[in-house]
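See structure below.
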Amino acid sequence: MKIRTFPRGIHPPEFKEWTAESAIESLPASDKIMIPLLQHFGAAAQPLVKKGDEVTLGQKVGEGKALFSASVHSSVSGKVLSVDDYNHPGGNPVAAVTISNDGEDRLFPENEGVKDPFSLSPDEIRQRVRDAGVVGLGGAAFPTAVKLSPPKDKPIDTIVINGCECEPMLTADYRLMLESPEDILKGAELARIATGAERIIVGIEDNKKKAFELIQEKIQGIQGEVALLKTKYPQGAEKNLIYALLKREVPRGGLPFDVGIVVQNVGTAKAIWEAVNDGKPLYERAITVSGNGIEKPKNILVRVGTPFQNVIEFCGGLDERADILVMGGPMMGISQWSLDTPVIKGTSGILAWTSPAACVEYPCIRCSRCVEHCPNGLVPTQLAKYVRFDDLAEAEKWGILDCVECGCCQYICPSRIPLVHWMRLGKNKIASLKRKKSA
Ligand code: SF4
Ligand code: SF4
């Protein structure tokens, strides 16, 4: 079988063996949960509840009113303690609905399933996905209903289901493919109907052969195929995945829509199925808890709003030498500073490890390794220099906005230059200048 891939990229150690064989376990709901009103790309949801209100499991507690927004739902039944700023894994405090769990899991009665989800119209599918607050579960948390609404002048021919999970240590998507392949494929089929696409392609890296074989067996009868991809980071980044599978290049500043494609992660496909078929809002998700700083690495199904502390305790606690805590994967994850921070929809993993010897930064030796490995064909050393000297116009001309912050350049740099920091800083400064100009 042909194994497909994209140019450049890197091969970091995988460490997936720590959890790959661990079936997803359910974490009991915690006594108190915090539901941030912003846990997706776009605008925050507007609160629908206030202190003292009684809520039920799956009840909408925040309405995503803007186009780029998503509603949020309670992951327990109980009483609202406050609607106030709270820790957020993104770094800055965000308004959150804090709920005291009554332990009864009383279901919100209006979340009903449908008899034949495949007979729904594209609009009906999108509405049910929007009502359920589904967002991309690969980490970016882009509102899924928006992704399922391609502009009229951009016809979609292919739904790509992303089963790469190329970040080291993470294995929750792998487990989902082994444990719920039918739900993933039914969600993919609903995404195909919603976008009017002709076919589905599921892309899986060749370090997940068991999942590949199972999905290949289950996909019979659906307009789709499964493709094997080389294990390489960042194989799962949308542009790289599209190129590897279909040799189409998403233009600079463009979206997969521009080349007739919509990409959904395997967890998102499952969430689409549950939203449409069962009327189930996205109030829980599968995550990997791993790293040499976690006593018992596991894959778990966790309710949104659960404090990291409870997740880590369920996994045996932190090794006393652990000094780095990250939400997401080790390459693109966000460092955390508090165990009170709640799990959000974009939490693909919680990792803890011991830091290596102190990192000293040396001057650039112009070895060009960062250029040779950047999957987007950028020149990181030059971009970092432009940002350092505040020449943002030149940085933009050299394509800094196409940087996906994958971290390949920084990983490979022998001088340990924090290249991703410079990319982020440059992109943020350019975005802020643009906002000021348009105000
Ligand atoms: S972080 Fe940006 S510049 Fe560096 S390799 Fe990734 S895409 Fe290229
Ligand atoms: S990899 Fe590091 S040292 Fe080499 S050219 Fe890039 S920035 Fe300079």
Side-chain angles (χ1 to χ4, degrees), residues 5-13 41 90 136 138-140 142 162 164-170 205 229-244 248-256 258-259 263 326-335 348 356-431:
T5 193
F6 65 97
R8 300 177 289 274
I10 57 171
H11 296 274
F41 173 89
F142 195 88
N162 187 350
C164 291
E165 201 170 45
C166 59
E167 277 266 12
M169 295 192 201
L170 302 186
E205 281 189 340
L229 294 147
K230 192 169 176 181
T231 299
K232 184 165 71 165
Y233 179 83
Q235 189 68 257
E238 283 192 348
K239 289 183 182 180
N240 302 326
L241 181 58
I242 291 169
Y243 183 82
R248 294 185 199 170
E249 284 193 47
V250 178
R252 274 202 166 174
L255 292 169
D258 297 321
V259 291
V263 182
V326 164
M327 182 192 85
M331 297 299 296
M332 291 187 73
I334 307 171
S335 295
S348 52
C359 274
V360 180
E361 182 184 341
Y362 294 97
C364 172
I365 55 169
R366 304 190 69 74
C367 65
S368 82
R369 284 196 208 172
C370 56
V371 185
E372 284 158 23
H373 290 84
C374 173
N376 286 0
L378 302 176
V379 186
T381 173
Q382 197 65 22
L383 288 169
K385 219 169 282 172
Y386 287 136
V387 178
R388 207 186 280 251
F389 293 107
D390 226 17
D391 191 348
L392 299 175
E394 210 55 25
E396 193 171 354
K397 211 162 96 192
W398 280 63
I400 195 169
L401 298 182
D402 282 321
C403 168
V404 292
E405 300 172 21
C406 66
C408 290
C409 51
Q410 186 166 312
Y411 177 85
I412 213 77
C413 174
S415 293
R416 297 178 169 173
I417 297 170
L419 293 160
V420 179
H421 157 81
W422 291 112
M423 302 303 146
R424 269 189 201 141
L425 186 67
K427 285 164 70 180
N428 285 344
K429 280 186 168 181
I430 291 168

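Since the structure is predicted, the reported quantities are computational estimates derived from the model, not experimental observations. For ligands, and for the atoms within them, numbers begin at 1 and follow the listed sequence. Values below: every heavy atom of this structure, side chains too, minus hydrogens, waters and symmetry copies.
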Using heavy atoms and a threshold below 4.0 Å, how should the contact between S368 and ligand 2 be classified: side chain, backbone, both, or neither? backbone

Within less than 2.8 Å of atom 4 (Fe) of ligand 2, any N, O or S from C367? yes

So which protein heavy atom does atom 3 (S) of ligand 2 come closest to, and at what separation? I365 N, 3.4 Å

Quick one, Q410 and M423 - any side-chain contact, counting heavy atoms below 4.5 Å? no

Is there an N/O/S atom in C406 that lies less than 2.8 Å from atom 2 (Fe) of ligand 1? no

Quick note on ligand 2: atoms under 4.0 Å from a heavy atom of C364 include exactly 3 (S), 5 (S), 7 (S), 8 (Fe)

Could you find the nearest protein heavy atom to atom 8 (Fe) of ligand 1 and give me its residue, atom name and distance? C374 SG, 2.4 Å

Do E205 and K230 have side-chain heavy atoms sitting under 4.5 Å apart? no

The closest protein heavy-atom partner of atom 4 (Fe) of ligand 1 is C409 SG, 2.3 Å

Within the 3.5 Å criterion, strictly below it, is a donor on E361 or S415 matched to an acceptor on the partner's side chain? no

Taking atom 7 (S) of ligand 1 as the reference point, the nearest protein heavy atom with its distance: V404 N, 3.5 Å

Determine yes or no for a side-chain-to-main-chain donor-acceptor pair under 3.5 angstrom, with K232 supplying the side chain and C166 the backbone. no

Closest approach of any protein heavy atom to atom 2 (Fe) of ligand 1, naming residue and atom: C403 SG, 2.3 Å

Validation row: M331, I10 side chains within 4.5 angstrom (heavy atoms): yes

Between C370 and ligand 1, find which residue part has any heavy-atom pair under 4.0 Å and reply side chain, backbone, both or neither. neither

Contacting atoms of ligand 1, where contact means under 4.0 angstrom from a heavy atom of P375: 5 (S)

Under 3.5 Å, is there a donor-acceptor pair between the side chain of Y411 and the main chain of C406? no

Please confirm whether F6 and Y243 have ring centers closer than 6.0 angstrom. no

Within ligand 2, which atoms have a heavy atom of P414 less than 4.0 Å away? 1 (S)

Using a 4.0 Å heavy-atom cut-off, which part of E405 comes near ligand 1: side chain, backbone, both, or neither? backbone

Got a second to check how far L255's CG is from K239's NZ, nearest 0.5 Å? 8.0 Å

May I have the list of side-chain donor-acceptor pairs in residues 371-387 shorter than 3.5 Å, sequence neighbours left out?
residue: E372; atom: OE2; partner: S368; partner atom: OG; Å: 2.9
residue: H373; atom: ND1; partner: R369; partner atom: O; Å: 2.9
residue: N376; atom: ND2; partner: D402; partner atom: O; Å: 2.7
residue: Q382; atom: NE2; partner: Y386; partner atom: OH; Å: 3.3

Ligand 1 to G407, heavy atom cutoff 4.0 Å, flagged ligand atoms 1 (S), 6 (Fe)

Taking E405 for its side chain and M332 for its backbone only, find out whether a donor-acceptor pair lies under 3.5 Å. no

Heavy-atom gap P380 to ligand 2 smaller than 4.0 Å: no

